[in-house]
2 protein chains.
Amino acid sequence: MEKQQYLTKNQQIVLDLVEKSSEPLKAYSILFNVQKKGLKAPLQVYRALDKLVEIGKIHKIESRNAFVACKNSNCVVSNATAFSICESCEKVTEINNSKLSKYLANFQDNSGMKYSKYNLEFFGLCKKCKNK
Amino acid sequence: MEKQQYLTKNQQIVLDLVEKSSEPLKAYSILFNVQKKGLKAPLQVYRALDKLVEIGKIHKIESRNAFVACKNSNCVVSNATAFSICESCEKVTEINNSKLSKYLANFQDNSGMKYSKYNLEFFGLCKKCKNK
DNA sequence: AACAGTATGTAATAATATAACATTCGAATG
DNA sequence: CATTCGAATGTTATATTATTACATACTGTT
Ligand SMILES: [Zn+2]
Ligand SMILES: [Zn+2]
Ligand SMILES: [Zn+2]
Ligand SMILES: [Zn+2]
């Protein structure tokens with residue numbers, strides 16, 4: 001059984017916002033949006049984000065410095081993430097493909113390094129933008 | 001035949017520095033190091049970096065906001081990059097594995113999106129750090 | 001109650017990156 | 001050679017992203 005994670009007030013406020021959003025949110029946009037809820041300083045947001053990323057409730061899109069809620073049943077495997085990113089409209093989708101995740105989780109090369117985590121970002125044009 | 005890329009003075013200065021480095025370099029560390037060569041402002045460095053990334057001479061390690069020289073014969077496929085990153089010593093290695101790149105270049109899901117580019121970052125402990 | 005670990009609040013500052021605009025360079029053309 | 005045009009440069013200012021430092025408060029355990 002997975003350990004239940006109780007979120008603190010700040011963490012819950014930030015998570016709610018990120019989950020409601022249809023697009024990746026940037027830290028300072030989050031800050032702006034939660035100021036009416038009492039989170040006044042960047043650090044309060046960053047600390048909540050750090051924790052939420054750590055427990056897999058949200059992910060950071062590294063190439064965009066933005067955050068999205070996890071769409072894979074709270075990513076039991078938050079250490080194995082893959083996203084598709086439209087370079088035109090910036091739509092981001094979390095990829096949930098068991099073949100891909102199996103392939104990457106088992107990937108080994110001759111470096112002698114044991115990988116415990118990965119993050120993959122695909123770029124291209126989404127259906128909509130392709131047909132413009 | 002591939003189009004020859006002539007680098008400008010600023011681009012060459014930045015590239016030389018990144019190629020000499022055994023570790024990923026951050027933009028402002030690059031700036032500091034090339035100031036004696038006349039590049040005084042952040043933008044001069046960022047512009048050179050942008051161009052070098054565009055033509056595949058260097059890559060950006062997104063999770064670290066740092067830059068490394070390409071190790072794959074100037075990445076004919078600079079739009080298909082994979083790295084291993086040691087979370088202890090921060091050593092970064094560009095992965096050159098044709099099976100992996102073939103697998104990812106051909107990856108498709110049911111989103112209808114055609115991927116033209118990807119970046120993959122593996123995390124773990126390098127040989128050295130594992131044995132400590 | 002004492003303690004340890006985690007979370008919070010707050011201010012200041014560091015680190016990363018871009019906007020705006022004037023100027024210069026360099027290849028291509030006529 | 002003179003003109004043109006796109007790319008690159010120089011410079012200043014500013015925007016955006018993220019962390020340091022330190023004091024305080026909350027939570028569960030002994
Ligand atoms: Zn997820
Ligand atoms: Zn799109
Ligand atoms: Zn490369
Ligand atoms: Zn290491």
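Below, chain A is the first sequence line, B the second, and so on; all start at residue 1.
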_With a 4.5 Å cut-off on side-chain heavy atoms, are A:Ile55 and A:Gln11 touching?_
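Not in contact.
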*Scan nucleotides 11-21 of chain C nucleotide by nucleotide, 5' to 3', and note B when protein non-hydrogen atoms come under 4.0 Å of the base, S if they reach only the sugar-phosphate, - if neither.*
B----BBBBB-
Using distance only, find each side-chain donor-acceptor pair of residues 27-34 of chain A under 3.5 Å and give its atom names and separation, not counting sequence neighbours.
residue : atom : partner : partner atom : Å
A:Asn33 : ND2  : A:Ser29 : O            : 2.8

List in chain and number order the residues that pass side chain to side chain donor-acceptor pair (under 3.5 Å) with [X], two or more places apart in sequence or in another chain; answer none if no residue qualifies.
X: B:Gln12; result: B:Asp16
X: B:Asp50; result: none
X: B:Asn97; result: none
X: B:Glu90; result: B:Arg64

Under 3.5 Å, which donor-acceptor pairs link side chains of residues 117-126 of chain A to any protein atom two or more places apart or in another chain?
residue  : atom : partner  : partner atom : Å
A:Lys117 : NZ   : B:Glu87  : OE2          : 3.3
A:Asn119 : OD1  : A:Thr81  : OG1          : 2.8
A:Asn119 : ND2  : A:Glu121 : OE2          : 3.3
A:Glu121 : OE1  : A:Ser63  : N            : 3.4
A:Glu121 : OE1  : A:Ser63  : OG           : 2.7
A:Glu121 : OE2  : A:Glu62  : N            : 2.9

*Taking only residues two or more places apart in sequence, or in another chain, which ones meet B:Glu23 in a salt bridge (charged side-chain N to carboxylate O under 4.0 Å, His left out)?*
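Counting only residues at least two positions away or on another chain, B:Glu23 forms no salt bridge (charged side-chain N to carboxylate O under 4.0 Å, His left out).
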_Angle between terminal axes - the helix from C:dA1-D:dT30 to C:dG30-D:dC1, 5 pairs each end, rounded to 10°_ =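 Result, rounded to 10 degrees: 30°.
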*asked:* Students should find this one: the first and last nucleotides of DNA chain D, 5' to 3', lying under 4.0 Å from a heavy atom of chain B. What are they?
replied: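 Footprint of chain B along DNA chain D, 5' to 3': D:dA8 to D:dT12.
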*Which whole-number value in Å describes the distance from A:Lys40 NZ to C:dT10 P?*
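About 4 Å, once rounded to whole Å.
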*Which pairs pass salt bridge (charged side-chain N to carboxylate O under 4.0 Å, His left out) with one or both residues in residues 37-49 of chain A, sequence neighbours excluded?*
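Listed by first then second residue: nothing to list.
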*Quick one: which residue pairs count as a side chain to side chain donor-acceptor pair (under 3.5 Å) with a foot in residues 105-114 of chain A, not counting sequence neighbours?*
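Only A:Asp109-A:Ser111, A:Asp109-A:Tyr115 qualify under side chain to side chain donor-acceptor pair (under 3.5 Å).
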*Under 4.0 Å: is that the gap between some side-chain N or O of A:Gln44 and OP1 or OP2 of C:dG9?*
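Answer is yes, contact under 4.0 Å.
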